[in-house]
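The structure appears right after this line, and notes come after that.
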There are 2 protein chains.
Amino acid sequence: MSKTQTRIQLKNNAAILAAGLNVFSQFGFRGSTLDQIAKEAGLSKPNLIYYFASKDAIYRALLDQLLEDWLEPIYTIDEDGDPVAEITAYAKRKLAMSQHYPRESRLFANEVIQGAPQIGDTLRGELRRVVGRLVGAIERWIQEGKIRPVEPHHLIFSIWSITQHYADFDVQVRAILKDTDPFPGAETHLEEMLHRMLSIDTG
Amino acid sequence: MSKTQTRIQLKNNAAILAAGLNVFSQFGFRGSTLDQIAKEAGLSKPNLIYYFASKDAIYRALLDQLLEDWLEPIYTIDEDGDPVAEITAYAKRKLAMSQHYPRESRLFANEVIQGAPQIGDTLRGELRRVVGRLVGAIERWIQEGKIRPVEPHHLIFSIWSITQHYADFDVQVRAILKDTDPFPGAETHLEEMLHRMLSIDTG
DNA sequence: ATTTATTTTGACCAACCGGTAAAAAAGAAC
DNA sequence: GTTCTTTTTTACCGGTTGGTCAAAATAAAT
């Protein structure tokens, strides 16, 4: 709407989105309340509703931002690069996102587990398209003998599930590893796994 | 308490747990309501509360049952069997559970994503212990040269995350695969992955 | 058939839910 | 320093929440 945002608007919009991310990622949409978000943002509930028309609007704004960040790494895969290196780099980027943006990962997980009522269309639209392209690239790499044969969809699912696991199931991971930081080990394991999975010459 | 349950108690307890599983697995604890569960169980809300003292009690009863089923497959791993076969069989059992009990998987996922407020102790207790034993077995297999070296914890995380992914992110998987049943392909991929990961003689 | 134990219902409650209306307070522009 | 706009607060609304209570209806035991 308005091109210029007041410094107050700028600050409070950011505070609300930050608070919404905290709350929604922990309790899901239906489990979260405006009072919770308002309190965490340091605002009164009516004041919160002055910036975002509804609880739904906050949630949608967060998901819109999230989906951009979420899909971005897949666009940086170079179909003319070295296949194993490209796939490994992609997986590592996804793992880094789990490490640095665990709340975003959990927000996404909550939404999808609950049937993706808000982002279902995006999943069946843009996500499906962009995955389709990646699948095509992987199939080409296989035909050209550059990587060992795999079912591309399930390879992608493996990468997604493993990397997101460290954010979404953080409590469980830390229950088992105690004080050990999971991420260095996870990265090494992921690299090793993809190498053994995909590399033609097994070292 | 009472050793013998009436046929009515038997029927209604089951109906309530079934309804609770449906609702809690879809909306999480805080996002679910007693009215929803009561309606789905075909009872009035006060009648529901006659069988379970509180919303919390239903949720806990479900989680208790779930945790048993969840941990059971890991106990069937034979440390004296063929390592790759044992691990692969375990992974396939977990995948079958995702296929046949997706709501249980999502209930568990919801609980853990939200910080495991109810089952945190079990994760840090029994789960940690039983995983520790499996980790020991895998390390022994590696030292005996029966499988290629891997970090056991992260291998286990990989198996968990991949198999649960097909239940928890079902909507996303189907958005991409459309009408293709994910599970046959998933099983083949999982077997191939573990074989390339772990087998000494790469075929 | 009557006593007794179990099950179900309807009416209700205080707290909380998402959201509104209007007026007061604070900032910005001049 | 006064006008005008933006921001915040106070008071409130109808609906829903988890849960209670006592009475009614049903089932079981004798």
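First the proteins, then the strands, lettered A, B, ... as listed; each starts at 1.
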Review point. Which residue, B:Lys45 or B:Thr6, contacts DNA chain D at a nucleotide closer to its 5' end, judged by nearest heavy atom?
Key: B:Lys45

Exercise for review: Could you tell me whether the phosphate oxygens of C:dT6, OP1 or OP2, come under 4.0 Å of any side-chain nitrogen or oxygen in B:Gln9?
Suggested key: no

Practice item. Output the single nucleotide from D:dT7, D:dG18, D:dT10 whose closest atom is nearest the side chain of A:Pro46. Key: D:dT10

Point to revise | Where A:Leu194 and A:Ala91 come nearest, the two heavy atoms and their spacing | key: CD1-CB, 3.6 Å

Exercise for review: Give, for atom CD1 of B:Ile138 and atom CG of B:Leu155, the distance between the pair rounded to the nearest 0.5 Å.
Suggested key: 5.0 Å

Exercise for review: Looking at every strand, decide which applies to B:Arg30 at a 4.0 Å heavy-atom threshold: base, sugar-phosphate, or nothing.
Suggested key: nothing

Check your understanding: When all nucleic acid strands are considered with a 4.0 Å heavy-atom cut-off, which category describes A:Ser44: base, sugar-phosphate, or nothing?
Key -> base

Review point. Which is true for A:Tyr51 with a 4.0 Å heavy-atom rule: it touches a base, it touches only sugar-phosphate, or it touches nothing?
Key: sugar-phosphate

Exercise for review: Only one of B:Asp168, B:Asp170, B:Thr163 passes side chain to side chain donor-acceptor pair (under 3.5 Å) with B:Ser105; say which it is.
Suggested key: B:Asp168

**Study point:** Pairwise 5' ranking along DNA chain C for B:Arg7 and A:Leu34, keeping only the more 5' one
**Key:** B:Arg7

Review point. Does B:Asn47 place a side-chain N or O at less than 4.0 Å from the phosphate oxygens OP1/OP2 of C:dG10?
Key: no

Check your understanding: If you measure from the Lys or Arg side-chain nitrogens to the Asp or Glu carboxylate oxygens, is any gap between B:Arg148 and A:Glu192 under 4.0 Å?
Key -> no

